[in-house]
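Working notes, structure below.
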Amino acid sequence: MRETMEKYIPERAVGLCLQLIKDNHVNLKIVNERVTRHGDYRKLPNGSHIITVNVNLNKYRFLITLVHEIAHLVAFEKYGRAIKPHGVEWKRTFQMLMLPFLRPEIFPSNLLPFLANHFKNPRASSDTDARLSIALKEYDKREEGKNYVFELPHGSIFRIYNGKLFQKRNRRVKRYECIEVATGKLYLFQPNAEVELIKT
């Protein structure tokens, strides 16, 4: 298990992660990329705990995702199944579990301020924290021809993962208004959404 974990998370985090997995009786499965999520947690009818994490994540996002999912397990076990999945109990649990990892031996020093800010009030997905998400994406293998929405010129046309085309419009406080070309419907995009530029 240690050798497998060393492929997916920072070396200095392996011991801590293995202990969390063991203490909480986690069955960890590393799965093919899912567009809508980085990982998930399920408790099976037989009482076992399954956590899945996408294989394509960089080491830092993989670690955050794994601890995020373990926090669901721990929070449900401690507070019961009636709590909100990303409510106060989960946030506190995630903060507590993540604290030992927020060190320069594990995360690069340029990521630590973004992580410290994020963990003041963790969100349901690190992707909705645009600054942290962009900082984490610096460690991804960037696909050729991919851009972030915030990088595109106003009025440009772009394609998303499912083939739909959009035109970038005005920025709101945190997100960008984009019009779906085929329907004229307005959608809001996170600035860090990865898209393919078609026409400027």
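The structure places NZ of Lys91 at 10.5 Å from NZ of Lys84, a figure rounded to the nearest 0.5 Å. With rounding to the nearest 0.5 Å, the separation of CD1 in Ile64 from CG in Leu57 is 10.0 Å. Between Arg171 atom CZ and His154 atom NE2 the span is 12.5 Å, to the nearest 0.5 Å. Taken to the nearest 0.5 Å, the CD1 atom of Ile21 stands 11.0 Å off from the CG atom of Leu73. Rounding to the nearest 0.5 angstrom, the gap separating the CG atom in Leu136 from the NZ atom in Lys59 is 15.0 Å. Rounding to the nearest 0.5 Å places CZ of Phe114 at 7.5 Å from CZ of Arg131.
Within the 4.5 Å cutoff, the side chain of Ile179 has heavy atoms near those of the Arg169 side chain. Looking at Val149 and Gln190, their side chains never come closer than 4.5 Å, going by heavy atoms from C-beta outward. Residues Pro104 and Leu112 form a side-chain contact, since some pair of their non-hydrogen atoms from C-beta on lies under 4.5 Å apart. Residues Val31 and Val53 form no side-chain contact, since every pair of their non-hydrogen atoms from C-beta on lies 4.5 Å or further apart. Cys17 places a side-chain heavy atom less than 4.5 Å from the side chain of Ile9. Taking the side chain as every heavy atom from C-beta outward, Ile70 and Val74 approach each other to under 4.5 Å. His68 is listed as a side-chain neighbour of His86, based on a closest heavy-atom distance under 4.5 Å.
For an aromatic pair to be called close, the ring centres must be under 6.0 Å apart, and His49 with His72 fails this. Separation of the Phe189 and Phe158 ring centroids falls under the 6.0 Å cut-off. Aromatic pair Phe166/Tyr187: centroids less than 6.0 angstrom apart. Taking the six-membered ring for Trp, Phe150 and Tyr176 have ring centres at least 6.0 Å apart.
Under the 4.5 Å side-chain contact rule for hydrophobic residues, Leu197 and Val181 do not share a cluster. Using a 4.5 Å cut-off between side-chain heavy atoms of Ile, Leu, Val, Met, Phe, Trp and Tyr, with links allowed through other members, Val67 and Leu18 fall into the same hydrophobic cluster.
Of the residues listed (Asp140, Asp127, Asn56, Asn54), the one engaging Arg61 in a side-chain hydrogen bond (donor to acceptor under 3.5 Å, both in side chains) is Asp127, and it is the only one.
Atom CD of Glu3 has 12 or fewer neighbouring heavy atoms from other residues, nucleotides or ligands inside a 6.0 Å radius. More than 12 non-hydrogen atoms from other residues, nucleotides or ligands lie less than 6.0 angstrom from CD of Glu180. Around the CZ atom of Arg123, the shell of radius 6.0 Å holds more than 12 heavy atoms that belong to other residues, nucleotides or ligands. Counted within 6.0 Å of CG on Asn170, heavy atoms from surrounding residues, nucleotides or ligands total more than 12; the atom is thus considered enclosed.
No salt bridge links Asp129 with Lys174; every basic N to acidic carboxylate O contact stays at or beyond 4.0 Å. Taking 4.0 Å as the cut-off between side-chain N and carboxylate O, Glu177 and Arg172 count as a salt-bridged pair.
Using cut-offs of 30° and 60° on the angle between ring planes, the pair Phe119 and Phe94 is perpendicular.
Looking only at atom types and distance, the side chain of Arg42 has no donor-acceptor partner in the side chain of Thr52 under 3.5 Å away.
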From CA spacing to verdict: side chain to side chain contact (heavy atoms under 4.5 Å, CB included), Ile51, Leu66 | CA-CA 8 Å; Ile51 286 175; Leu66 176 59; 4.1 Å; yes
Side chain to side chain contact (heavy atoms under 4.5 Å, CB included) between Asn117 and Leu132, intermediate numbers included | CA-CA 9 Å; Asn117 189 56; Leu132 174 59; over 6 Å; no
Walk me through it: do Asn192 and Lys137 pass the test side chain to side chain contact (heavy atoms under 4.5 Å, CB included)?
-> CA-CA 9 Å; Asn192 55 306; Lys137 282 182 179 183; 4.2 Å; yes
Before giving the answer on side chain to side chain contact (heavy atoms under 4.5 Å, CB included), spell out for Leu63 and Phe107 the whole-Å C-alpha distance, their side-chain angles and the decisive distance to 0.1 Å.
-> CA-CA 10 Å; Leu63 174 58; Phe107 286 100; 3.7 Å; yes
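Looking at Gln167, its side chain does come within 3.5 Å of a backbone N or O of Gly155 through a donor-acceptor pair. Panel note: side chain Glu151, backbone Tyr148; a donor-acceptor pair is recorded below 3.5 Å.
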